Number of protein chains: 2
Amino acid sequence: MSGKSVRIKDIAQKAGVSTGTVDRVIHNRGKVAEDVREKVLKIIEEMNYEPNLIARALGANKTYSLGALIPDPQADSYWLEPRAGVEKAEKALKHYGVAVKKYLFDPYDVASFQAQALALLAGAHDGVVISPVFYRESLPYFEALQQAGTPFVIFNSQISEYTPLSYIGSDLYTSGLLAGKLFHYGLPAPCTLLVAHIDERAANASHLGKKEKGFRNYFVQHHLEEQYPIVAAELDRSNMAAFIGQLDSLIEDNPRLGGIFVTTSKAYSIASYMEQRRIKHIRLIGYDLLPQNLHYLQQEQIQFLINQGPFGQGYWSVYYLAEHVILGKEIPLMKYMPLDIVTRENVNYYLPEHDEKPLLEHKVSL
Amino acid sequence: MSGKSVRIKDIAQKAGVSTGTVDRVIHNRGKVAEDVREKVLKIIEEMNYEPNLIARALGANKTYSLGALIPDPQADSYWLEPRAGVEKAEKALKHYGVAVKKYLFDPYDVASFQAQALALLAGAHDGVVISPVFYRESLPYFEALQQAGTPFVIFNSQISEYTPLSYIGSDLYTSGLLAGKLFHYGLPAPCTLLVAHIDERAANASHLGKKEKGFRNYFVQHHLEEQYPIVAAELDRSNMAAFIGQLDSLIEDNPRLGGIFVTTSKAYSIASYMEQRRIKHIRLIGYDLLPQNLHYLQQEQIQFLINQGPFGQGYWSVYYLAEHVILGKEIPLMKYMPLDIVTRENVNYYLPEHDEKPLLEHKVSL
DNA sequence: CAAATTGGTGTGTGCGCACACACTGATAAA
DNA sequence: TTTATCAGTGTGTGCGCACACACCAATTTG
């Protein structure tokens, strides 16, 4: 906090050596006499030297190439946000010599994923971020990356076979707990609850499973299992008639149904069903601020949406990767985004405003 | 996104002039022939030139001094967060030549405020951020700042007499609405609700008033006034016996009391009371993640805390001010922080982690 | 004992920009 | 005509750092 920053030059002077030598000890490159090294290190400590990362970025004049393998928002608009986050980080890091190449794949088409993953490998990047929507199919590519020594960051879906530099995503289990809490808070017992997994294939099963487990455990922890019986169902909208039929019978079979917890971002599909059937008394909680979900949140057909910070996921993935690649910094093995509880009343503060374009780089320093 | 950035040199070359001339048109300083100016401007447009703000910060080598007039966290720990935000921004901006001087005053002592405000004025800063806890008493200082042409940003409390460069805070009215929603969602009618204003002096009345208004309006908008009668009370903990007596009689007088909305950060004081009296059925919603509040949130004595992003308030105030002072950028007249709904289940994601120290400056550019 | 090697160190240049300064040619004042 | 004036422009230096290179002395090699 004391006025002027200390420069490499200052410590060189104080140590009675040249800036070159100081540079060598800072980056431990080249040869430096042991006693000199220690002396310089000590002075760096004493003077509380912090490199001017701005100048560093200028001087280094290196370029880094990163790759981002993520789903194409055209296929599923959920991915608009992560992509925007990636692009924001890209922009922020541009003048640090970082370029990010995006490889977009169709999240409903394995072949597309594989093709793009191959392209990513061929890109020979200094680091990559990946959203491994296809769990099993992505494993060989992680193997290849590991072989090549390319650092990778994973976001949105976790993977246990390979340890990435970092996982950025949300705590699925806790989000389930949270949904449980919200129902418990809002619904007097006894009351049946439905966990609906909509439109997700087996590849993502662990995803949804974790959410369901958290949800169930909320009631177990509070010894409420009997007052809040839970029913789970997998629904598929590929056949809309069947989808509606399933819902009809679920409602018929569970007269005390008080709430539906949708573990995917498709809560709107149930909201739409309920709107048509003029059902008002069933509470609905889902994930993600998709336009369709927002519509029903406004209508109060959906009570709460849990926001997993999709924008932040994209942003931090790239940002952390860059920090590691450029600065060799140790980055957190895992970063969970906040689980925002979004309602009609506070939704405005969570909607993206990517057009805002801060001018001063901030948050601390390159 | 195309590989290399275009430099001032590139556009100079393309325009057939020197970099000096380009520099002149960019900063419109000095004399430039009109036709040349236009030509350069056109090329800047065409080549989509974006100044390398990193290099700019280095080259400019200016220093800016900002002042921050904020309450002393020692007197009220709420202010730990805003101060941390200010300090984080300070750190982030340090290498851009920005220094922030803090003037801390005791938020319960007008004289202390006035003394620090005078010191702030004497500091002759390039810009200041102020949290005008003492509404009336702060007015003359805003007048003085305006006279001196010093830009100022206000945060946490709004002021209508003078227009600051920007107001950073939260939308108090909406936060009241939100609290209303949460009670309505969780409490079956009929049910009496208490709005408790604790430990705040008249100076801040508008604050609390806005929250109460939002709260009441939630029920008006939903035509629920009769099912959810609302009682308001001002409580003062300076005399604890009286405080407890007031609560006792409020509870006695309102047998259907189902929820208490505390408009200040002192929800813990009621939680503590309820704990002593072994009252469990009354729902409690308050503001701010103070340690004491967190304690009772864990105990589930408090159901929800509304978080107003105090850290972000401090951070963005300084950050925006710097953007304006350094770059002359137009900054938003008003920035509301998100109103986070915090429960026992998701509280971890909202607790501060200021120790993390990003290395790459980000978010976009100086 | 000269030449080659190697540990250890200093110097110089460039990154993209800001800014002070020097310079040119034309016009106005002397 | 000479000199001052000034609109308009180019050049050079420095910001703090990274990095290539040059350099010197103490060794080692032949």
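Lettering of chains follows the sequences in order, A, B, ..., and the numbering in each one begins at 1. This one's a predicted model, so the numbers in the text were calculated from it and none came from an experiment.
- Open room surrounds CD on A:Q74; 12 or fewer heavy atoms of other groups in view lie less than 6.0 Å from it.
- Put simply, the side chain of A:S166 gets close to the backbone of A:P332: a donor and an acceptor are under 3.5 Å apart.
- Contact annotation: the side chain of B:S138 never approaches that of B:I130 to less than 4.5 Å [non-hydrogen atoms, C-beta and beyond].
- Side chains of B:Y162 and B:Q146: no donor on one and acceptor on the other come within 3.5 Å.
- Ring centroid separation for the pair B:H125 and B:F152 does not come in under the 6.0 Å cut-off.
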Readout for nucleotides 7-17 of chain C: B = base within 4.0 Å of protein heavy atom, S = sugar-phosphate only, - = neither; 5' to 3' it is SBBBB--BBBB
